[in-house]
Amino acid sequence: MIDLKGNPFYLSDEAVAWVENTRNNMNDNDKIGQLFMLESISGDVADLKPILDRFEPGGLMHRPNLSGELKKTSLAMQELVKVPLLIAGNVCHGLGEIAFNEKVFMTNMGVGATGDPQYAYK
């Protein structure tokens, strides 16, 4: 059994009870659905709704959009599922990788190419 109160979870008694109750009330199809992550390309929840009618995924992977649209889609999707979704996006180089209106940072290769350790520090 996984120790949900220990490293890396550190859940409270209330949170552990929620996890156990949620898991115990899931059928096999619910558990299998948690293995999948939907990809939000357009940001339109209507594009993803037909999938939610078949199974409930464990996560949502965003593709680039405006930050406000990403938030709107995330919140709308959370309202449609019983188990909170893991929200993901490629943000290795800053939020600008996923949100058009946010900053993009230099890649590790770009930092190395400068030859200046201050860029790595920053």
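- Note: S74 OG to H62 NE2 = 2.5 Å, rounded to the nearest 0.5 Å.
- Following chains of ILVMFWY side-chain contacts shorter than 4.5 Å, one cannot reach I98 starting from M61, and the two form parts of different hydrophobic clusters.
- The shortest side-chain heavy-atom distance between I2 and F9 falls under the 4.5 Å cut-off.
- Side chains of L85 and E56 form no contact here, defined as non-hydrogen atoms less than 4.5 Å apart.
- Counting heavy atoms from C-beta on, the side chains of V19 and V16 never come closer than 4.5 Å.
- Follow the hydrophobic side-chain contacts under 4.5 Å out from I87 and you reach V81 in the same cluster.
- A distance of 9.5 Å separates CG in D3 from OH in Y10, rounded to the nearest 0.5 Å.
- Residues satisfying the ring pair (Phe, Tyr, Trp, His ring centres under 6.0 Å) test with F36, not counting sequence neighbours, are F55.
- The nearest pair of heavy atoms linking A88 to M37 is CB-CE, 3.9 Å.
- More than 12 heavy atoms of other residues, nucleotides or ligands shown are found within 6.0 angstrom of CG on L35.
- Listed for the N25 side chain is a donor-acceptor partner under 3.5 Å among the backbone atoms of N21.
- In the displayed structure, K71 atom NZ is contacted under 6.0 Å by at most 12 heavy atoms of other residues, nucleotides or ligands.
- By the neighbour-count criterion of 12 heavy atoms within 6.0 Å, atom CG of N108 is sparsely surrounded, having that number or fewer from other residues, nucleotides or ligands.
- Here the straight-line distance linking atom CG of D30 with atom CZ of R23 works out to 13.5 Å at 0.5 Å rounding.
- The CG atom of L48 lies 6.5 Å from the CG atom of L60; values are rounded to the nearest 0.5 Å.
- Side-chain contact between M77 and L52 is present, with heavy atoms from C-beta onward closer than 4.5 Å.
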Step-by-step side-chain contact (heavy atoms from CB on, under 4.5 Å) determination, M26 to Q34:
CA-CA 10 Å; M26 294 173 85; Q34 289 296 301; 3.4 Å; yes
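- In this structure the side chain of D116 reaches within 4.5 angstrom of the side chain of Y119, judged on heavy atoms.
- Distance check, rounded to the nearest 0.5 Å: CD1 of I32 to CG of N27 gives 8.5 Å.
- Counting heavy atoms from C-beta on, the side chains of S42 and T73 never come closer than 4.5 Å.
- Side-chain contact between L80 and K49 is present, with heavy atoms from C-beta onward closer than 4.5 Å.
- Rounded to the nearest 0.5 angstrom, E102 CD and E97 CD are separated by 12.5 Å.
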